[in-house]
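For reference, the structure is listed below as structure tokens.
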2 protein chains.
Amino acid sequence: MPPKSRAEAMGETREKLIAAARKAFAQKGFSAASMDDLTADAGLTRGALYHNFGDKKGLLAAVVAQMDGEMASRAQAVASQATDEWAGLLAEGTVYIEMALDPEVRRIVLLDGPAFLGDPSQWPSQNACLELTKQTVGRLLEAGRMKPVDVEAAARLLNGAALNAALWVAASDEPRSVLPKAIEAFHVLVSGLLLDPGQA
Amino acid sequence: MPPKSRAEAMGETREKLIAAARKAFAQKGFSAASMDDLTADAGLTRGALYHNFGDKKGLLAAVVAQMDGEMASRAQAVASQATDEWAGLLAEGTVYIEMALDPEVRRIVLLDGPAFLGDPSQWPSQNACLELTKQTVGRLLEAGRMKPVDVEAAARLLNGAALNAALWVAASDEPRSVLPKAIEAFHVLVSGLLLDPGQA
DNA sequence: CTATTCACATACCGCTCGTATATAAAAGTC
DNA sequence: GACTTTTATATACGAGCGGTATGTGAATAG
């Protein structure tokens with residue numbers, strides 16, 4: 001094994017810290033997670049953390065960016081397998097709801113992220129999930145299949161509805177029985193955007 | 001002025017602390033707000049706070065309960081003036097969006113509340129806003145004007161969409177020009193729940 | 001009038017984040 | 001290849017935080 005170059009060694013520590021932070025933030029929440037414990041868990045100290053991410057919020061931003069990217073690519077993979085654009089939008093929303101059942105996603109991306117980093121539209125990661133939904137909505141509008149609405153407004157409402165549905169499902173006593181209700185209600189709600197109900 | 005009874009004196013300190021907390025939480029956010037500063041601002045010390053609310057989260061819960069109640073009563077007042085139930089639901093959602101433009105509401109009820117107290121459906125305050133929407137949806141379902149969906153699911157999705165729309169509006173560069181877009185998109189989306197589009 | 005309760009203040013402790021400093025290894029230079 | 005510089009990480013320190021344990025004086029009860 002050749003000696004690691006400086007750049008790739010630093011990349012590894014960044015990955016280790018982000019992985020440890022993901023676990024700690026998901027388990028204890030952002031504000032209750034200790035940076036001493038977190039860095040020790042990664043075999044490092046706070047020195048590495050401050051050098052790489054500036055401060056605690058910088059680390060959160062990096063974690064959120066990573067998870068947001070993962071979520072978006074998964075959503076895109078699902079949507080691309082749909083038969084048409086409209087089915088793709090429905091599938092995209094559905095998979096957002098399902099992904100938000102993961103406690104890690106819920107706590108970090110949906111709760112602590114907005115509370116400590118501000119609105120997702122201003123995140124450094126550019127919020128890949130929201131961008132993806134905007135593109136899908138834009139294509140549907142161009143195809144003349146949707147009522148004329150503002151693209152960004154529609155995307156925000158769709159994401160908001162999906163994510164809130166997921167929070168509800170996750171907090172319920174029997175998530176597995178509540179999930180289909182949430183998905184069905186989401187589909188009904190989204191149908192309001194459809195221009196010609198006969199096409200649905 | 002007669003000497004204050006013990007009970008009403010305690011009520012006054014509770015009110016003073018809640019008022020000071022509302023201001024502090026809105027300005028600095030829950031986690032950054034200092035309980036020493038906050039209580040001193042109310043002319044008290046942390047002793048009063050721990051005696052009345054148990055801990056910092058207890059104070060947040062009390063603040064959220066108060067604000068949630070205020071929002072629900074305002075929404076009910078607006079909805080009750082609508083011509084029919086359907087218009088009432090639309091008006092209710094619209095006023096939620098508008099209320100969420102208040103920075104105090106946004107920060108405390110929409111961001112810090114869920115992050116530190118968990119899902120709104122489990123708040124001690126019982127979440128009056130959500131309850132109100134559920135009742136409205138329930139009446140529309142009984143009247144046969146809505147597609148058959150789960151009441152709670154529909155209410156959660158509607159609130160989620162409205163609140164997320166508000167977060168988007170508030171974070172935008174020109175809230176005043178974006179607000180009507182959000183409201184219109186909300187109305188279009190909600191129309192998906194309507195059974196007979198001709199009635200809208 | 002005495003005894004008790006209790007609402008609030010004070011004192012203290014462990015822990016946390018951020019910074020300032022130290023160190024050792026890689027990278028650059030000739 | 002030796003010397004200097006850069007820099008990625010570790011260490012040390014201080015200010016401030018929340019929570020608890022304890023003190024205190026006024027309102028209540030008998």
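Any value given below was found using the heavy atoms of this structure, including those in side chains, with hydrogens, waters and symmetry copies removed. Proteins get letters first, then strands, A, B, ... in listed order; numbering begins at 1 in each. Quantities reported herein were computed from a predicted structural model and do not represent experimental measurements.
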Taking only residues two or more places apart in sequence or in another chain, which ones pass side-chain hydrogen bond (donor to acceptor under 3.5 Å, both in side chains) with A:Lys147?
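Once residues adjacent in sequence are excluded, the partners of A:Lys147 under the side-chain hydrogen bond (donor to acceptor under 3.5 Å, both in side chains) criterion are B:Ser191.
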
Looking at residues at least two apart in the chain, or sitting in another chain, which of them share a side-chain hydrogen bond (donor to acceptor under 3.5 Å, both in side chains) with A:Lys57?
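side-chain hydrogen bond (donor to acceptor under 3.5 Å, both in side chains) check on A:Lys57 returns nothing, list empty.
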
Residue-level proximity of residues 13-21 of chain A to DNA chain C when a heavy atom falls under 4.0 Å:
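Going residue by residue through residues 13-21 of chain A, none turns out to have a heavy atom under 4.0 Å of DNA chain C.
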
Please state how far atom [atom1] in [X] lies from atom [atom2] in [N], giving the value in whole angstrom units.
{"X": "A:Lys28", "N": "D:dG18", "atom1": "NZ", "atom2": "P", "answer": "18 Å"}
{"X": "B:Phe53", "N": "D:dG18", "atom1": "CZ", "atom2": "C1'", "answer": "16 Å"}
{"X": "A:Phe30", "N": "C:dT16", "atom1": "CZ", "atom2": "P", "answer": "14 Å"}
{"X": "B:Leu38", "N": "C:dA9", "atom1": "CG", "atom2": "P", "answer": "13 Å"}
{"X": "A:Leu44", "N": "D:dT11", "atom1": "CG", "atom2": "C1'", "answer": "14 Å"}

Count the heavy atoms belonging to other residues, nucleotides or ligands that lie under 6.0 Å from CD of A:Gln122, then report whether that count exceeds 12.
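For A:Gln122, atom CD is crowded (more than 12 foreign heavy atoms under 6.0 Å).
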
Would you find more than 12 non-hydrogen atoms of other residues, nucleotides or ligands less than 6.0 Å from A:Glu98 atom CD?
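For A:Glu98, atom CD is crowded (more than 12 foreign heavy atoms under 6.0 Å).
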
Main-chain N/O of [Y] paired with [X] side-chain donor or acceptor, under 3.5 Å:
{"X": "A:Lys181", "Y": "B:Val149", "result": "no"}
{"X": "A:Arg145", "Y": "A:Glu85", "result": "no"}
{"X": "A:Trp123", "Y": "A:Gly118", "result": "yes"}
{"X": "A:Tyr96", "Y": "A:Ala72", "result": "no"}

Between the protein and nucleotides 13-17 of chain D, list the N/O to N/O atom pairs that are separated by less than 3.5 angstrom.
{"residue": "D:dC17", "atom": "OP1", "partner": "B:Ser34", "partner atom": "OG", "Å": "3.4"}

Compare side-chain N and O positions of A:Asn52 against OP1 and OP2 of D:dT9 and report whether any pair is under 4.0 Å apart.
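Result: yes.
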
It should be established whether B:His51 places a side-chain nitrogen or oxygen under 4.0 Å from OP1 or OP2 of nucleotide C:dC8.
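For B:His51, the contact criterion (side-chain N or O under 4.0 Å from OP1 or OP2 of C:dC8) is not met.
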
Of the listed nucleotides (C:dC8, D:dT20, C:dT19), which one gets closest to any side-chain atom of B:Tyr50?
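When the side chain of B:Tyr50 is considered, D:dT20 is the closest of C:dC8, D:dT20, C:dT19.
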
For B:Leu49, answer base if it contacts any base atom (sugar-phosphate contacts may also be present), sugar-phosphate if it contacts only those atoms, and nothing otherwise; contact means non-hydrogen atoms under 4.0 Å.
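If one applies the 4.0 Å heavy-atom cut-off, B:Leu49 turns out to touch nothing in the nucleic acid.
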
Could you list, one pair per line, each protein nitrogen or oxygen that sits under 3.5 Å from a nitrogen or oxygen of nucleotides 21-26 of chain D, together with the distance?
none

Side chains of residues 161-173 of chain B: which donor-acceptor pairs under 3.5 Å do they make with residues two or more places apart or in other chains?
{"residue": "B:Asn164", "atom": "OD1", "partner": "A:Arg156", "partner atom": "NE", "Å": "3.4"}
{"residue": "B:Asn164", "atom": "OD1", "partner": "A:Arg156", "partner atom": "NH2", "Å": "3.4"}
{"residue": "B:Ser172", "atom": "OG", "partner": "B:Val169", "partner atom": "O", "Å": "2.8"}

Do A:Phe53 and A:Val64 sit in the same hydrophobic cluster, where Ile, Leu, Val, Met, Phe, Trp and Tyr count as joined when their side-chain heavy atoms come under 4.5 Å apart?
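Both belong to a single hydrophobic cluster.
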
Go through A:Arg22 and A:Glu104 one step at a time and tell me if the salt bridge (Lys or Arg N to Asp or Glu O under 4.0 Å) criterion holds.
CA-CA 7 Å; A:Arg22 255 174 100 141; A:Glu104 211 176 40; 3.4 Å; yes

